[in-house]
2 protein chains.
Amino acid sequence: MTERRTSKELTPAGRLAEAGLHEIIGYQIAQASIVTLTVFQRAAGAALELRPVEYTMLVLVNENPGGTAARLARALAVSAPNITMWLDKLQRRGLVRREASETDRRTQHLYITDKGRKVAEEATRRVVEAERHVFSHLSMGERAILLELLRKLALKRAD
Amino acid sequence: MTERRTSKELTPAGRLAEAGLHEIIGYQIAQASIVTLTVFQRAAGAALELRPVEYTMLVLVNENPGGTAARLARALAVSAPNITMWLDKLQRRGLVRREASETDRRTQHLYITDKGRKVAEEATRRVVEAERHVFSHLSMGERAILLELLRKLALKRAD
DNA sequence: TATTGTTATACTCTATAACTATA
DNA sequence: TATAGTTATAGAGTATAACAATA
């Protein structure tokens with residue numbers, strides 16, 4: 001009676017009943033992130049020695065030259081001491097550069113280096129390609145809708 | 001030129017340009033999970049002293065009485081030593097119960113306690129209510145589609 | 001040989017507080 | 001007073017290997 005369940009009612013791995021979690025967005029997001037984190041790690045993280053947060057930082061610094069560490073920390077929901085640590089790591093590897101501000105001497109402006117840009121672009125190529133492959137069971141339309149709804153969800157973040 | 005961007009092209013928090021990440025599912029999932037983790041923590045985690053993984057374990061054990069720790073670990077992508085630690089915690093609080101198997105003496109069957117069931121149900125009530133409120137800018141249809149697509153995404157997990 | 005579960009241990013990452021410097 | 005950034009430190013969570021018991 002409880003054994004003959006359709007796969008839609010079972011956990012993606014482990015085959016456990018999960019009806020009570022079916023409508024909980026947080027659970028489905030967590031399950032989905034297991035996949036996306038694995039995809040990132042295999043496609044780009046391992047080869048380029050980048051954590052997800054490091055990759056995101058690189059891309060954001062690349063697209064927002066002169067941005068500050070504080071804004072980066074807000075965008076990624078990472079604490080101030082934490083962003084310092086990650087920036088230290090990226091700077092030691094020569095991927096980003098810190099520059100003292102002339103107008104506000106407390107802040108520092110962030111810039112990506114040529115090396116950093118190459119790494120970021122290579123990582124993006126790899127991730128995009130890997131996701132295209134792994135998620136090929138979703139149509140282009142479904143992927144577009146998913147991305148749109150995820151963005152809408154994330155808009156609920158406190159600024 | 002680069003300042004007057006529509007909010008759709010900026011990070012949900014911090015207001016940084018993110019065009020290069022726009023089509024990356026992993027990034028959008030990560031941003032969305034910042035929201036859902038916060039919602040969980042505020043609505044249920046803090047009051048009931050439950051981590052997301054603990055809540056999920058409770059629900060899955062409740063729905064799969066007699067299931068084993070190994071299957072639970074697979075469902076949650078948690079390592080074996082890790083599931084032992086989490087089960088220890090839940091058992092110490094009297095929320096789950098371990099029972100030696102009679103057919104396979106290596107395994108142990110997991111059962112939720114009455115206390116554990118109450119906690120799980122209370123947590124679910126709180127999370128469902130909180131998500132309904134926080135994500136009210138999504139229509140019922142949009143939420144249904146989002147859940148369906150997330151499930152489809154998560155199906156790509158290796159078993 | 002492979003699997004279940006546990007212990008031991010080191011490592012990564014996070015959270016908090018305290019501090020400096022500046023606005 | 002508030003903010004940007006750093007340092008110090010403790011704690012949470014994870015990963016790995018090694019192990020015992022069983023299949």
Side-chain angles (χ1 to χ4, degrees), chain A residues 13-16 30 33-34 37-38 40-42 45-46 49-57 61 64 66-93 96-111 159, chain B residues 13-16 30 33-34 37-38 40-42 45-46 49-57 61 64 66-93 96-111 159:
Chain A
R15 309 218 145 250
L16 296 175
S33 73
I34 295 174
L37 289 172
T38 303
F40 175 85
Q41 169 65 11
R42 288 187 188 161
E49 293 183 285
L50 282 180
R51 301 276 156 189
V53 64
E54 292 178 304
Y55 165 65
T56 310
M57 285 172 68
V61 170
N64 300 272
T68 68
R71 284 175 74 200
L72 198 55
R74 274 195 293 272
L76 301 174
V78 163
S79 67
N82 229 291
I83 212 73
T84 296
M85 180 200 70
W86 288 117
L87 284 173
D88 284 347
K89 282 194 176 187
L90 293 176
Q91 191 171 38
R92 255 182 265 128
R93 292 170 64 181
V96 300
R97 185 163 53 79
R98 287 190 252 215
E99 203 167 278
S101 170
E102 294 178 357
T103 55
D104 183 339
R105 294 176 57 200
R106 292 172 306 180
T107 65
Q108 52 192 204
H109 299 293
L110 303 174
Y111 299 94
D159 229 311
Chain B
R15 311 219 144 249
L16 295 175
S33 73
I34 295 175
L37 288 172
T38 304
F40 174 85
Q41 168 65 12
R42 288 187 188 161
E49 292 183 285
L50 282 181
R51 299 278 154 191
V53 66
E54 292 178 303
Y55 164 66
T56 310
M57 286 171 68
V61 170
N64 300 272
T68 68
R71 284 174 75 202
L72 198 55
R74 274 195 293 274
L76 301 174
V78 162
S79 67
N82 229 291
I83 212 75
T84 297
M85 180 199 69
W86 289 116
L87 284 173
D88 284 348
K89 282 194 177 187
L90 292 177
Q91 192 170 35
R92 255 181 266 127
R93 292 171 63 181
V96 300
R97 184 163 53 81
R98 287 189 252 215
E99 202 167 281
S101 171
E102 294 179 357
T103 57
D104 184 340
R105 293 177 55 200
R106 292 172 305 180
T107 63
Q108 50 190 208
H109 300 295
L110 303 174
Y111 300 93
D159 228 313

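This structure is a prediction, so every number in the text was calculated from the model and none was measured. Labels below follow one simple rule: chain letters A, B, ... track the order of the sequence lines, proteins then strands, and each chain is numbered from 1.
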Using the side chain to side chain contact (heavy atoms under 4.5 Å, CB included) criterion, which residues pair with [X]? Sequence neighbours excluded.
X: A/Ala30; value: none
X: B/Ser101; value: B/Thr103, B/Asp104, B/Thr107, B/His109
X: A/Ala69; value: A/Ile83, A/Leu87, A/Leu110
X: A/Gln91; value: A/Val96, A/Arg98

Rounding to an integer number of Å, can you tell me how far [X] [atom1] sits from [N] [atom2]?
X: B/Leu76; N: D/dG13; atom1: CG; atom2: P; answer: 14 Å
X: A/Glu99; N: D/dA4; atom1: CD; atom2: C1'; answer: 17 Å
X: A/Asp88; N: D/dT6; atom1: CG; atom2: C1'; answer: 9 Å
X: B/Lys89; N: C/dT6; atom1: NZ; atom2: P; answer: 16 Å
X: B/Leu37; N: D/dA12; atom1: CG; atom2: P; answer: 18 Å
X: A/Leu72; N: D/dT6; atom1: CG; atom2: C1'; answer: 16 Å
X: A/Ile34; N: D/dT14; atom1: CD1; atom2: P; answer: 11 Å
X: B/Arg71; N: C/dT3; atom1: CZ; atom2: P; answer: 16 Å

For residues 80-87 of chain B, which residues have at least one heavy atom under 4.0 Å from DNA chain D?
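Heavy-atom cutoff 4.0 Å gives B/Pro81, B/Asn82, B/Met85, B/Trp86.
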
Taking DNA chain D as the partner, which of residues 102-111 of chain A come within under 4.0 angstrom of it by heavy atom?
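Output list: A/Arg106, A/Thr107, A/Gln108.
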
Which residues pass the salt bridge (charged side-chain N to carboxylate O under 4.0 Å, His left out) test with [X], sequence neighbours left out?
X: B/Arg93; result: none
X: B/Arg71; result: none
X: A/Arg105; result: none

Residue pair A/Ile34 / A/Thr38: nearest heavy atoms and the distance that separates them
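For A/Ile34 versus A/Thr38, the nearest heavy atoms are O-OG1, 2.7 Å.
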
Distance-minimising heavy-atom pair for B/Met57 and B/Trp86
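Scanning both residues, the minimum pair turns out to be SD-CB, 3.5 Å.
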
Below 4.0 Å: OP1/OP2 of C/dT4 and any side-chain N or O of B/Arg98
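For C/dT4, neither OP1 nor OP2 has a side-chain N or O of B/Arg98 closer than 4.0 Å.
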
